[in-house]
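For reference, the structure is listed below as structure tokens.
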Amino acid sequence: MHCIGLMSGTSLDGVDGVLVDFGPEGDSGTGRVVADASVPLTNALRAALLALQHPGPDELHRAAQASAQLTTVYADVAERLLTAADMAPTQVAAIGAHGQTVRHLPPGHPGLGEDEAPYTLQLLAPARLAEATGIAVVADFRSRDIAAGGQGAPLVPAFHRAAFGRAGQGVAVVNIGGIANLTALRADGGVLGCDSGPGNVLLDGWCERHTGARYDADGAWARQGRVLPALLADLLADPYFSRTGVRSTGRDHFHLGWLDVILARHPGVAPVDVQATLVALTVEGIARAVETLDWGHAEGTAPQRLFVCGGGARNQAIMAALSQRLPTVTIDTTARLGWPVQWVEAAAFAWLARQRLLGRSGNLPAVTGARGERVLGALYAP
Ligand SMILES: Nc1ncnc2c1ncn2[C@@H]1O[C@H](COP(=O)(O)OP(=O)(O)O)[C@@H](O)[C@H]1O
Ligand SMILES: [Mg+2]
């Protein structure tokens, strides 16, 4: 059984894809990646999706148009994967397609009124993707978990367990996308997880505003700045950083507008120092999540190993600050385990598509807070 996983995260940088061989019965654990491909979003599509992150006029029509355009990029990545693997569409059982999150208001989100329903919304046109590729599509993975009382996120921990779990060892897996999410693989086999807070989303926005570059390549700009303790403390005063247990977040909460309100209380700070401070914020969110998750033993809070994936693993300022902040933990990227950092999320959605096809659950109630395990995603026939 072969499945494709396609992912476009909060960073709005592009669509990452992998084609995974799950073995004859679809049963070979996390499977083997046989091809990978990434396609960046055009500036126009990125701008359209960014504008849709917040309420605006005629948004249903604009959302439908952006969905169709994004689907063209998804189909392009799928096409490239088939070409690279020299396979026909009929040889692929399904595409697991995440879509583009434009709203994420899970239970407990401060933007929800008392009588308002929690929801999460990923733009994509799965019917168009099935038409374009001739492959079955599984989409809309998150909403069932929310319907079952969960956060709908993070969904990758079950895959992290399958890929990176080690019996008898506490292992943390941190995906640093736009938002950073942590999976705790406990030595006793238990799995916990949460969104730790912003990953790259503020770093990217601030970097683009002040340098014109869409992101701070290798963290080079941040490394020229110094962390501003008063600003960092003010940023960390946001209640999200004091929450423990089940929680998830998104651009709805962490965006440049959020930063600007706080910066107004710190006049005259140098942009490069703000960038360095935002690195510290991302790292502190991750470290607090690592330290407050229940690792299942009384004496220690820290895992032995921490593996980083997602584009933030390429930011040397983040990686250096993580090592400094968590000195007792051995920190590597997932590439160390044979999983290049941009594969992991896409592979998780290939895995989730496989789970859907086999009628198996995809969420972990201990992570999302859902009432129970659920089979995730809607299936569009080829
Ligand atoms: N060489 C690099 N140096 C620093 N940051 C990088 C580099 N490459 C990617 N990134 C960061 O990773 C982000 C993309 O990561 P990704 O895992 O795709 O996140 P998402 O799932 O949110 O799309 C970019 O927006 C950028 O912030
Ligand atoms: Mg991305």
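Just so you know, ligand 1 is whichever comes first in the structure, and atom 1 is the first atom listed for that ligand. Along the sequence shown, residues are numbered consecutively beginning with 1.
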Report yes if some N/O of Ser8 lies less than 3.5 Å from some N/O of ligand 1; otherwise report no. no
Do Ser67 and Gln69 get their side chains close enough for a donor-acceptor pair, meaning under 3.5 Å? no
Counting only nitrogen or oxygen atoms and a 3.5 angstrom limit, does Ser11 reach ligand 1? yes
Compute the centroid of each ring, for Phe254 and then for Tyr240, and state whether the two points are separated by less than 6.0 Å. yes
Checking Ser8 against Tyr74: is there a side-chain donor and acceptor pair closer than 3.5 Å? yes
Arg214 and Asn43: side-chain donor and acceptor closer than 3.5 Å? yes
Flag for Asp252-His109: side-chain donor and acceptor within less than 3.5 Å: no
Per-atom filter on ligand 1: closer than 4.0 angstrom to a heavy atom of Gly312 are 12 (O)
Measuring centre to centre across the rings, with the benzene-like ring taken for any Trp, is His104 within less than 6.0 Å of His253? no
Mind checking whether Ala217 contacts ligand 1 via backbone (N, CA, C, O), side chain (CB onward), both or neither, at a 4.0 Å heavy-atom cut-off? backbone
Any atoms of ligand 1 less than 4.0 Å from a non-hydrogen atom of Asp204? List them with their elements. 24 (C), 25 (O), 26 (C), 27 (O)
So if I count the atoms of ligand 1 from 1 in the order they appear, which ones are less than 4.0 Å from some heavy atom of Asn315? 4 (C)
shortest atom 23 (O) of ligand 1-to-protein heavy-atom contact is with Asp13 OD1, 3.0 Å
Can you see whether Thr368 engages Gln151 through a side-chain donor-acceptor pair at a distance of less than 3.5 angstrom? no
Examine the proximity of ligand 1 to Asn175 and report which part, side chain or backbone, both or neither, has a heavy atom under 4.0 Å away. neither
Where ligand 1 meets Gly310 - atom numbers and elements under 4.0 angstrom, heavy-atom basis: 17 (O)
Would you indicate whether Asp86, at its atom CG, is surrounded by more than 12 heavy atoms from other residues, nucleotides or ligands within a distance under 6.0 Å? no
Interfacing atoms of ligand 1 (cut-off 4.0 Å, heavy-atom, Gly178): 19 (O), 20 (P), 22 (O)
of all protein heavy atoms, closest to atom 21 (O) of ligand 1 is Gly9 CA, 3.4 Å
Going through the distances and angles, do Arg62 and Glu59 end up as a side chain to side chain contact (heavy atoms under 4.5 Å, CB included)? CA-CA 5 Å; Arg62 288 188 290 120; Glu59 59 189 5; 3.8 Å; yes
Which residue and non-hydrogen atom of the protein lie closest to atom 17 (O) of ligand 1, and at what distance in Å? Gly311 N, 2.8 Å
Atom name, Asp13 (N, O or S, nearest to the Mg ion (ligand 2)): OD1
Less than 6.0 angstrom separating the ring centers of Phe141 and Trp351, yes or no? no
Output yes if Glu345 passes the N/O/S-under-2.8 Å test against the Mg ion (ligand 2); output no otherwise. no
With a 4.0 Å heavy-atom cut-off (strictly under), which part of Asp218 contacts ligand 1: side chain, backbone, both or neither? both
Nearest protein heavy atom with distance in Å, relative to atom 5 (N) of ligand 1: Tyr215 CD1, 3.7 Å
